[in-house]
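Starting from 1, each residue takes its place in the sequence as its number.
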Amino acid sequence: MPLTSSQLSDEQDFETSANMSFDELLKAFASKHEGNDMPGNLSGGILIDQVYAVAPNDLNTLLFSPSSDFLQSLAKMQGTTGLDIQQWRLENDGEILKRVITYTKAATKLVKAVKATEDVTYLKADGDMYAVLADVSTPEVPFGNNFRVEILTCIMPGPELRDDERSSRLVISWRLNFMQSTMMKGMIENGAKQGLKDNFSQFSELLAQNVRPVDAKDTTTNNESLSSVQPETESDWKLAFRIFGNFTVVSSVVAFIYVFAHIILASPSIIQGLEFPGLDLPDSVGEVVVCGVLVLQGQRVLNMIARFVQARRQRGGDHGVKAKGDGWLLTVALIDGTNLSATKSSGYSDPYVVFTCNGQTKTSSIKFHTLEPQWNEIFEFDAMEDPPSVMEINVYDFDGPFDEVASLGHVEVNFLKYSISELADIWIPLKGKLAQACQSKLHLRIFLNNSRGTEVVKDYLDRMEKEVGRKIAMRSPHTNLEFQKIFSLPPEEFLINDFTCHLKRKMLTQGRLFLSPRIIGFYTNLFGHKTKFFFLWEDIEEIQLLPATLSSMGSPSLLITLRKGRGMDARHGAKQLDDEGRLKFHLQSFVSFNAAHK
C-alpha cells in the first residue's frame, strides 16, 4: 500500500531528527518560535519553585537531553519500571519538538502498578529560557479515561550569584484536564495533587544531588534590594516648617508681638484694688480671657518646640546601625506605609514604627503630618544564636515626649508562616481598631540569613546533646523535607526528633509529635482525616508532668500550657481553653516517655 502524504512527511521528519543532535534540534525549533513569550504557570499550583547554581541551558540538558541519565535515576528512586524514552523529533516542518515516554508506576497502598504515557513537547527554547509541557495519561487508574495531567516545566535565568556564577530558576506547575465530566472530580484532584507532591519531593531531592540549590544569602538580590532603599534626607529648616508652619504658631506669635507692643506703648497705671508694686492683676473679664488664651497658646508652642527637638534627635532612628556578632542576622527594610489612621484634628498623624525581635528593639524615624509615610530605612538586628520565631511591629503616633503614645496599629510576623521569597517584598496589614477600619498596611523587605555557613544543624544538635545528656541523630534531607512539607515550614527549620503518642481531647487520637528548634507539632492521618497543628516553644508557659493513671494506660502524661492568647491557630488540637484564656494540650501513651520528656 502506498504511503499517504502525511505519512511521508512524518517519515521525513523522523529521518531528519535522527541525524541531528539535541542542541541542533533546539536551535531548529527556536528559529521557528522567535519572540514567543514564556507561558504562565498552570492553575493546579506550584510543585517546585527553586533557584539552582547552574546555567539555564545546562539545567535543560540535565533534565531533557537524551544523553542525561537523570530520568533513569529518578525512576530507580521511585520504583518505576519499564522506562522507555523515545528520541526527540521535529514535526510539522520544525514547528513542534516532542518525544514520548512510557513507564509503569510503582504500586502504592491504594493503587496498583499502572502504566503511564507522557507526551512531552517544547513550548519555548531560546538558550536562556525553556518551557516544556508534559501531557500525562494514566488510563489504568480509577477514572483514568476521564482526565489527563498536564505538567509545565519552566527554566529561566535566576538571580546573580556572589561569585558571578550563573543560576537558573526552575518552576514546575500542574493542572488536571478533564476529558469528561465526572462526579468524582474532587476526589481525583486531591489524589493527583498528593501524588504529584510526593513524586516531585523525590525529584527535588535527586536534583539537589546533581546541582546545588541556591539560598537567598548566596545571591546579590538581597544587597541590590537593600541598596535601592535610601532614606529621605530632610533639612532642619524643612523639618521646622513641617512642625511650626501652622495657624497655632502663627497666631501665637502675632498675639505675643501685639501684647509686647502694647506693654511698651502703654503708660504706667495707678495701683488700684489689691494690686501692689510688682503685681499687676487683670482689671476686667476680657483681660482674664486674653491671659488664658496666651497661656494656652504658649503651652502649645512649647510642646511643638519639644516635639521639634525630639524629632530632630530621632530623625534617623536606628537606620544604618550595623549588626554585631555571628549567627542569625535579621535585616528589615521599612519602605513605606499606606492608609494610616488620623489621630489629630488636622486629619493627619506623625507615625513611627518600633520593631521588636528576640529582646532587641529598633525604632524608625518620625514622619510628620502624613497618612502615607515614606521611610526607606534599614534596620539590622544583632546576631542571634537561634533563628527568630516572631517579630512584633508597632506603629505609634508621636505627640510630644510628655504625652501618652497613641497606637496606630500592630502586627506580628511569624517567620515560620512565610517563605524567604514572600518576606523579600511584602505588604503586611496592620491589626487594631483604627488600623483595620482604615485598612492600614506597611511595606517591608525582610531578610534572614545565617553567617555561620552550612553547619547550622550540627551546631544546634551539639548544644542540644549537652543539655539533654544523650546523643541526637541528624535526620536525612528527605526526612527534613517531609517534615517541612507537612507543616508548610521554611527550609531553615529542621527536625530534631519525633515520637508516637496520643493526643487527648474528647477522644484519643494517635499520631506523631514533632520537635524542631522553634516549634512543637502534632500530625496524624487516619483514613484520610488529617489532624495537624503546631505552636512555638516561646509560647509555652508551663510543661507539667502528670502521674500515670488507668486512663493514660499506666504511662505518665504531659500537659502543655500556652501563654494567654498565644497559639490560637492550634486551638483545634487543645484539650481545653481555661478561664484565663490559655490553651492546654494533653499528650500521653509515649512509647518511650523518658526520651520524649527529655
Once salt bridge (Lys or Arg N to Asp or Glu O under 4.0 Å) is applied, do any residues pair with Asp49, and if so which ones, sequence neighbours excluded? Arg169
Would you please name every residue forming a ring pair (Phe, Tyr, Trp, His ring centres under 6.0 Å) with Phe483, sequence neighbours left out? Phe487, Phe514
Asp386: which residues meet the salt bridge (Lys or Arg N to Asp or Glu O under 4.0 Å) condition with it, sequence neighbours left out? Arg463
Sorted by chain and residue number, the side-chain hydrogen bond (donor to acceptor under 3.5 Å, both in side chains) partners of Arg566 (sequence neighbours excluded) come out as Glu412, Asp539
Do the side chains of Met384 and Leu329 get nearer than 4.5 Å, heavy atoms only? no
Mind checking side-chain hydrogen bond (donor to acceptor under 3.5 Å, both in side chains) for Arg571 and listing every partner two or more places apart, or none if nothing turns up? none
Test: ring pair (Phe, Tyr, Trp, His ring centres under 6.0 Å). Region: residues 409-437. Which pairs qualify, not counting sequence neighbours? Trp427-His443
Pairs satisfying salt bridge (charged side-chain N to carboxylate O under 4.0 Å, His left out), at least one member in residues 477-489, at least two apart: Asp198-Lys485, Glu482-Lys485
Can you name the side-chain hydrogen bond (donor to acceptor under 3.5 Å, both in side chains) partners of Glu541, sequence neighbours left out? Arg582
All side-chain hydrogen bond (donor to acceptor under 3.5 Å, both in side chains) counterparts of Gln484, not counting sequence neighbours: none
Ignoring hydrogens and angles, state whether a donor on the side chain of Thr331 or Glu380 is under 3.5 Å from an acceptor on the partner side chain. no
Ser440 and Asn339: side-chain donor and acceptor closer than 3.5 Å? no
Could you list the residues that satisfy ring pair (Phe, Tyr, Trp, His ring centres under 6.0 Å) with Phe522, not counting sequence neighbours? Phe533
List in chain and number order the residues that pass side-chain contact (heavy atoms from CB on, under 4.5 Å) with Ser204, two or more places apart in sequence or in another chain; answer none if no residue qualifies. Ile48
With heavy-atom distances below 4.5 Å as the criterion, would you say the side chains of Pro159 and Val51 are in contact? yes
Residues that Phe200 engages under ring pair (Phe, Tyr, Trp, His ring centres under 6.0 Å), provided they are two or more places apart: Phe203
